[in-house]
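Shown next, in structure tokens, is the structure this report addresses.
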Amino acid sequence: MKYGCQSMVGKVEAILLKRPEQAFISQENLDKTWEEFRYFGCPDYQKVLEEYNAFEKIIQDNVEQVFYLPQDGRTGLDSIYTHDPLKITRKGAIYFPMGKELRSREYQATQAYLESIGIPTLGHITPPGKMEGGDVLWIDEKTVAIGRGYRTNDEGIRQFKELTRDLIDEYIIVPMPHGDGVDCCLHLMSIISFVDTDKAVVYSKYMPVFFREYLLEKGIQLIECNDQEYDYLGSNLLALAPGKCVLIDGCPDIKQKVEAAGVTVYTYEGKELSFRGTGGPTCLTCPLHRV
């Protein structure tokens, strides 16, 4: 199959999902495990299923090939957020041993599945290196920004550079703030989401000045997310194609701003599915091929 995803906005031709039936499994499983995964309250399983159906329909209506990860004993609740254990390059997948210990074996399950459908492995980030997919942001095919924080460390970045030295011309290392603490899921992609080739939703409060100025100098329109909507994942949008994106429902200000910028916005109810586990539409998906 075709693969390669060195873009945040190219049209998604193939994507990887994991349904709640294979990740959350049941209300009983959620009741037992939501606290150790540090969710904001225990998700209501039936509502999760309803929310996911609506989200999945948006994906199926806009993406030609949709692949699904099976249930796997090496994974837990967070495996529904398929974005974080890897990045797909045009030479294959790079897998990450993630900073959250409960997700440390998740990449193994993803690798087994993707190799079974024909996506080769380019390499792995190995301990003491740490990296998560939400910290790796393609500016363009040859330029990548990497968030250096609690989930991605210097050794992980060094290994990623080594694996991609023939693919990438420029690496921009973005220091991440402490935010709400070590256990908070704060990725680079928590504070910036491209919605078109020259437009991005940002939460500037957590953005280093040099990086914000870099984006402006490249001619990128920055669409500001406010504090309240940032807390409800309003800066986490998935671009399905240039000028077409998905946003969690409940963020009317950012939705209006993005639409005013000429971008089509699809929304889905996501309180139980996304908000409780701090995983927006980008987190719920791993694009395998963009054009």
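The structure presented is a predicted model; accordingly, all values stated were derived computationally and were not measured. Side-chain atoms are counted along with the backbone in the values below, which use heavy atoms only and exclude waters and symmetry mates.
Grouping the Ile, Leu, Val, Met, Phe, Trp and Tyr side chains by contacts below 4.5 angstrom, directly or via other members, places F67 apart from V246. V201 and Y206 are members of different hydrophobic clusters when ILVMFWY side chains are connected at heavy-atom separations under 4.5 Å. Hydrophobic clustering keeps V202 apart from I223 (ILVMFWY residues linked when any side-chain heavy atoms are closer than 4.5 Å, directly or through intermediates). Linking ILVMFWY side-chain heavy atoms closer than 4.5 Å, directly or via other members, places L86 and M131 in two distinct hydrophobic clusters. Both F210 and V144 are members of a single hydrophobic cluster when ILVMFWY side chains are connected at heavy-atom separations under 4.5 Å.
Of the possible donor and acceptor atoms, one in the side chain of N153 sits under 3.5 Å from a partner among the backbone N and O of G156. Judged by distance alone, with hydrogens and angles left aside, the side-chain atoms of T143 form no donor-acceptor pair with the main-chain N or O of D140 at under 3.5 Å. Checking side-chain atoms of T264 against main-chain N and O of K244 turns up no donor-acceptor pair under 3.5 Å. Side-chain N or O atoms of T152 include one that pairs as donor or acceptor with a backbone N or O of E132 at under 3.5 Å. Between the side chain of S235 and the backbone N or O of I192 there is no donor-acceptor pair closer than 3.5 Å. Side chain of W138 to backbone of C5: a donor-acceptor contact under 3.5 angstrom is found. Under the 3.5 Å distance criterion, the side-chain polar atoms of E272 are matched with a main-chain donor or acceptor of D44. For T89 (side chain) and K91 (main-chain N/O), a donor-acceptor pair under 3.5 Å exists by modelled atom type. With S7 contributing its side chain and G10 its backbone, the two residues share a donor-acceptor pair below 3.5 Å. Side chain of N62 to main chain of I58: a donor-acceptor pair is present (N/O by atom type, distance under 3.5 Å, no hydrogens or angles).
Considering all non-hydrogen atoms of both residues, A145 and L188 come closest at O-CD2, 3.7 Å. Of all non-hydrogen atoms in I15 and V63, the two that sit nearest each other are CG2-CG1, 4.0 Å.
Side-chain contact between I173 and K161 is present, with heavy atoms from C-beta onward closer than 4.5 Å. Two residues are said to be in side-chain contact when any heavy atoms from C-beta on lie closer than 4.5 Å; L114 and L16 meet this criterion. You'll find the side chain of T82 reaches within 4.5 Å of the side chain of L69, heavy atoms only. Between E115 and P120 there is no side-chain heavy-atom pair separated by less than 4.5 Å. Looking at K87 and Y95, their side chains never come closer than 4.5 Å, going by heavy atoms from C-beta outward. Considering only heavy atoms from C-beta on, M1 comes within 4.5 Å of I119 through its side chain.
Taking K100 as the reference, D78 meet the side chain to side chain donor-acceptor pair (under 3.5 Å) condition, with sequence neighbours excluded. For H124, the side chain to side chain donor-acceptor pair (under 3.5 Å) partners at least two apart in sequence or on another chain are Q111. A search for side chain to side chain donor-acceptor pair (under 3.5 Å) contacts involving R105 returns nothing, not counting sequence neighbours.
Using a cutoff of 4.0 Å between basic side-chain nitrogens and carboxylate oxygens, R212 and E224 are scored as salt-bridged. With respect to the salt-bridge test (charged N to carboxylate O, under 4.0 angstrom), the residues E259 and K255 qualify. Using a 4.0 Å cut-off between charged side-chain N and carboxylate O, R38 and E35 make no salt bridge. Salt bridge K47/E51: absent, no basic N to carboxylate O contact under 4.0 Å. Under the 4.0 Å criterion applied to side-chain N and carboxylate O atoms, D72 and R74 are assigned as salt-bridge partners. A salt bridge does not link R158 with D154: every distance from a Lys NZ or Arg NE/NH1/NH2 to an Asp or Glu carboxylate oxygen is 4.0 Å or more.
Within a 6.0 Å sphere centred on CD of E36, heavy atoms belonging to other residues, nucleotides or ligands number more than 12. With a 6.0 Å radius and a threshold of 12 heavy atoms from other residues, nucleotides or ligands, E170 has its CD atom above the threshold. Within a 6.0 Å radius of CD in Q228, other residues, nucleotides and ligands contribute 12 heavy atoms or fewer.
Here the CD1-CG distance, from I25 to L30, works out to 9.0 Å after rounding to the nearest 0.5 Å. The structure places SG of C245 at 5.0 Å from CG of L237, a figure rounded to the nearest 0.5 Å. The CG atom of L122 sits 5.5 Å away from atom CG of L163, with the distance rounded to the nearest 0.5 Å. Here CG of L49 is found 6.5 Å from CG of N53. Values are rounded to the nearest 0.5 Å. Rounded to the nearest 0.5 Å, atoms CE (M8) and CG (D196) are 13.5 Å apart. Atoms OG and CG, from S193 and L238 in turn, are 8.5 Å apart once rounded to the nearest 0.5 Å.
Shown are R103, K18, R151; of these, the salt bridge (Lys or Arg N to Asp or Glu O under 4.0 Å) with D84 is made only by R103.
The list of ring-ring contact (aromatic ring centres under 6.0 Å, His included) pairs with a residue in residues 240-272, not counting sequence neighbours, reads F55-Y268. For residues 280-291, the pairs satisfying side chain to side chain donor-acceptor pair (under 3.5 Å) are N236-T282, with sequence neighbours left out. Screening residues 12-50 for ring-ring contact (aromatic ring centres under 6.0 Å, His included) gives F40-F275 as the qualifying pairs, with residues at least two apart or on separate chains.
Y68 carries R19 over the face of its six-membered ring, with the cationic atom under 6.0 Å from the centre and within 45° of the normal.
Y171 and T164 share a side-chain donor-acceptor pair at under 3.5 Å. Of the N and O atoms on the side chains of Q159 and E155, at least one donor lies less than 3.5 Å from an acceptor on the other residue.
Two rings, from F96 and Y107, have their centers 6.0 Å or more apart.
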